[in-house]
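Below is one structure, written out as structure tokens; the observations come after it.
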Amino acid sequence: MSTTRPYSPGDGGPEPSGVPGMPEADVTVPATALGAVAPVAPSSLAPEAGGRQVRRLSLDGESGVVPLARDFTRQALYAWGWLPASGAEQRAAAEDVLLVVSELVTNACLHADGPDELFLSCDRKVIRLEVTDRGAGQPSPRTPHQAGRPGGHGMFIVQRLSLDWGVVRTPDRSGKTVWAELGAPA
């Protein structure tokens with residue numbers, strides 16, 4: 001589903017933290033602190049209230065942000081039990097998440113002067129990916145989609161792999177947050 005709704009269906013909008021359903025506390029990791037990427041033990045990041053787990057990565061001014069964002073997301077997937085995958089469905093779900101993160105961050109690099117932040121949240125049913133940038137453009141799948149032509153596939157991929165996606169703009173601030181939600185493996 002292609003959408004520019006700022007929130008998922010049935011969501012009442014942002015909490016005081018600015019993220020729907022999210023408490024104020026979360027884990028923020030500066031990109032420079034990542035170093036070598038290794039799986040994180042599930043106990044190293046306790047779930048938030050209601051079983052939701054969150055991670056935030058600052059990408060502002062960093063180089064190599066696409067692999068950095070993928071590695072950060074992979075670490076979160078290990079911590080949240082999506083990896084190592086126990087079967088084909090779980091492996092496919094994790095690869096879909098990594099691909100959507102890559103596409104969102106790449107779009108911010110190509111069309112919005114680079115990403116500022118990657119935000120991940122996960123509960124038992126859905127993982128939400130958010131990439132914040134300073135760009136004014138409106139992401140949308142290229143229509144009509146032309147499978148054999150180079151370029152223009154990023155938001156089409158996001159649309160196809162996601163349960164839902166959209167764009168949040170903050171009044172009186174430049175930029176936007178592009179978000180996508182994917183279902184957790186069964």
Side-chain angles (χ1 to χ4, degrees), residues 1-22 26 28-29 31 52 54-73 76-77 93-123 125-184:
M1 167 191 282
S2 172
T3 181
T4 55
R5 268 194 323 272
Y7 307 103
S8 303
D11 188 347
E15 296 295 320
S17 66
V19 181
M22 297 304 305
D26 66 322
T28 302
V29 178
R52 184 175 286 280
V54 299
R55 290 213 172 164
R56 191 179 301 267
L57 175 66
S58 174
L59 295 169
D60 188 29
E62 296 292 332
S63 61
V65 292
V66 175
L68 189 64
R70 283 181 63 91
D71 290 343
F72 179 78
T73 303
L77 294 176
E95 288 300 321
D96 288 352
V97 168
L98 293 171
L99 180 55
V100 171
V101 163
S102 296
E103 293 299 335
L104 294 178
V105 173
T106 297
N107 276 356
C109 291
L110 293 175
H111 306 293
D113 300 324
D116 290 332
E117 183 177 75
L118 170 64
F119 177 84
L120 310 172
S121 65
C122 182
D123 59 23
K125 296 179 182 178
V126 174
I127 186 167
R128 183 174 173 108
L129 316 169
E130 300 180 12
V131 175
T132 303
D133 63 51
R134 291 180 294 276
Q138 182 70 22
S140 64
R142 186 176 288 174
T143 306
H145 180 255
Q146 298 175 340
R149 303 204 54 207
H153 303 289
M155 291 313 294
F156 180 76
I157 291 169
V158 170
Q159 175 181 312
R160 293 291 298 246
L161 295 178
S162 300
L163 298 171
D164 202 6
W165 71 276
V167 178
V168 177
R169 294 200 184 270
T170 304
D172 303 324
R173 278 185 41 205
S174 65
K176 63 189 169 298
T177 298
V178 182
W179 60 268
E181 292 182 342
L182 291 85

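Please read these numbers as outputs of a predicted model, since none were measured by experiment.
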Nearest heavy atoms of V167 and P139, plus distance in Å: CG2-CG, 3.7 Å
Heavy-atom donor-acceptor pair, R128 side chain to D123 backbone, under 3.5 Å: no
V158/V178 under side-chain contact (heavy atoms from CB on, under 4.5 Å): CA gap, chis, key distance, verdict: CA-CA 11 Å; V158 170; V178 182; over 6 Å; no
Contact check, side chains of E130 and L120, non-hydrogen atoms, under 4.5 Å: no
Side chain to side chain donor-acceptor pair (under 3.5 Å) partners of D116, counting only residues at least two apart: R134
Residues forming a side chain to side chain donor-acceptor pair (under 3.5 Å) with T132, sequence neighbours excluded: T177
Closest heavy-atom pair and its distance - R55, F72: CB-CZ, 3.5 Å
From D96 atom CG to R160 atom CZ, the distance as rounded to the nearest 0.5 Å: 11.5 Å
For L99 against R70, the heavy-atom pair lying closest together: N-NH1, 3.8 Å
Residue pair N107 / M155: nearest heavy atoms and the distance that separates them: ND2-SD, 3.1 Å
Closest approach of P115 to V105 (non-hydrogen atoms, all atoms of both residues): CG-CG1, 3.9 Å
Verdict with reasoning, L129 to W165, per side-chain contact (heavy atoms from CB on, under 4.5 Å): CA-CA 9 Å; L129 316 169; W165 71 276; over 6 Å; no
Check: Q138 main-chain N/O paired with K176 side-chain donor or acceptor under 3.5 Å: no
Heavy-atom closest pair, residues T73 and L118: OG1-CD2, 3.6 Å
Interatomic distance, S174 atom OG to D133 atom CG [nearest 0.5 angstrom]: 9.0 Å
Whether over 12 other heavy atoms sit under 6.0 Å from D60 CG: yes
